[in-house]
Structure formats: structure tokens, C-alpha cells
Amino acid sequence: MALIINSSKKVTVGTNAITVPTSCSTFIVTNASGSATVYMRENSDGAPCTSENGFAILPGQSLPMPICAGSLSMIATASADVFFLIGTED
């Protein structure tokens with residue numbers, strides 16, 4: 001499986017949950033922070049992400065495979081830049 005990159009997106013996540021629209025695209029998420037952990041969860045129910053209900057992406061790590069979601073709720077332990085590689089699976 002390969003991901004044909006169509007675009008990229010950068011968001012800054014902090015200690016308050018934000019909603020990131022992803023439009024049901026296929027994407028890989030990377031936490032570019034050297035020290036903050038980022039938490040994310042699919043946001044179809046409107047509930048904000050917390051460290052208790054989110055999936056952790058450790059500092060400097062990426063998801064191991066592409067995922068798809070309509071929108072994400074994200075929060076971090078401190079300010080963190082998060083990058084999305086958005087594409088189409090080949």
C-alpha cells in the first residue's frame with residue numbers, strides 16, 4: 001500500500017481541544033513536537049478529545065498507517081505542531 005500525496009496541512013494544537021476538519025480524506029498524522037504528546041479522536045459525536053479518550057501520538061512520532069475521518073478533535077500536553085499528509089491510497 002502506498003499513499004499518493006495530494007496536499008499537506010499544518011495545525012498547532014495546545015492544551016485546549018480543537019476540531020480539525022479532515023473531510024473524510026485519507027491522511028497520515030505526524031506530531032512534530034520534541035516534547036508534547038498529542039491526543040486525537042474522531043469527532044462525529046462532538047465530544048472534545050482528552051488524554052483519557054484520545055489516541056496518543058508521542059513526540060516526534062507518526063501514525064503507522066493512513067487513516068480516514070470526517071473531523072478530528074485534538075489536544076496536546078503543550079503547544080505542538082501537527083502535520084497531515086493528505087492523499088489517495090494506491
Side-chain angles (χ1 to χ4, degrees):
M1 170 185 66
L3 186 68
I4 300 168
I5 303 300
N6 298 326
S7 63
S8 62
K9 178 179 187 173
K10 174 186 167 189
V11 298
T12 300
V13 181
T15 56
N16 293 316
I18 64 169
T19 299
V20 180
T22 50
S23 304
C24 293
S25 300
T26 301
F27 54 88
I28 295 174
V29 180
T30 299
N31 175 1
S33 171
S35 59
T37 299
V38 172
Y39 298 89
M40 67 174 210
R41 71 183 298 276
E42 203 279 329
N43 196 33
S44 64
D45 62 1
C49 186
T50 67
S51 60
E52 287 80 35
N53 69 7
F55 177 82
I57 304 173
L58 299 176
Q61 298 296 307
S62 297
L63 292 181
M65 57 194 273
I67 63 171
C68 178
S71 68
L72 297 175
S73 179
M74 302 183 86
I75 196 167
T77 56
S79 183
D81 288 334
V82 176
F83 290 88
F84 293 82
L85 289 176
I86 303 162
T88 308
E89 289 185 70
D90 182 30

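- Residues forming a side-chain hydrogen bond (donor to acceptor under 3.5 Å, both in side chains) with S44 (at least two apart in sequence, or on another chain): E42.
- Under the 4.5 Å side-chain heavy-atom criterion for Ile, Leu, Val, Met, Phe, Trp and Tyr, V82 and V20 are members of the same hydrophobic cluster.
- Pairs engaging residues 15-39 under the salt bridge (charged side-chain N to carboxylate O under 4.0 Å, His left out) rule: none recorded [sequence neighbours left out].
- Here I4 sits alone; no ILVMFWY side chain lies under 4.5 Å from its own, so it joins no hydrophobic cluster.
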For residues 55-79, tabulate all N or O donor-acceptor pairs below 3.5 Å that involve a side-chain atom, not counting sequence neighbours.
residue, atom, partner, partner atom, Å
S62, OG, T30, OG1, 2.7
S73, OG, C49, N, 2.7
T77, OG1, T37, N, 3.0

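- Partners of S35 by side-chain hydrogen bond (donor to acceptor under 3.5 Å, both in side chains), not counting sequence neighbours: none found.
- Legend: residues meeting side chain to side chain contact (heavy atoms under 4.5 Å, CB included) with T88, ordered by chain and number and at least two apart, are N6.
- With sequence neighbours left out, N16 forms a side-chain hydrogen bond (donor to acceptor under 3.5 Å, both in side chains) with no residue at all.
- The list of salt bridge (charged side-chain N to carboxylate O under 4.0 Å, His left out) pairs with a residue in residues 61-76, not counting sequence neighbours, is empty.
- Sorted by first and then second residue, the salt bridge (charged side-chain N to carboxylate O under 4.0 Å, His left out) pairs involving residues 2-20 (not counting sequence neighbours) are K10-D81.
- Every pair tested for salt bridge (charged side-chain N to carboxylate O under 4.0 Å, His left out) that includes a residue from residues 54-68 fails, sequence neighbours excluded, so the list is empty.
- Pairs passing the ring-ring contact (aromatic ring centres under 6.0 Å, His included) check and including a residue from residues 5-36, sequence neighbours excluded, read F27-F84.
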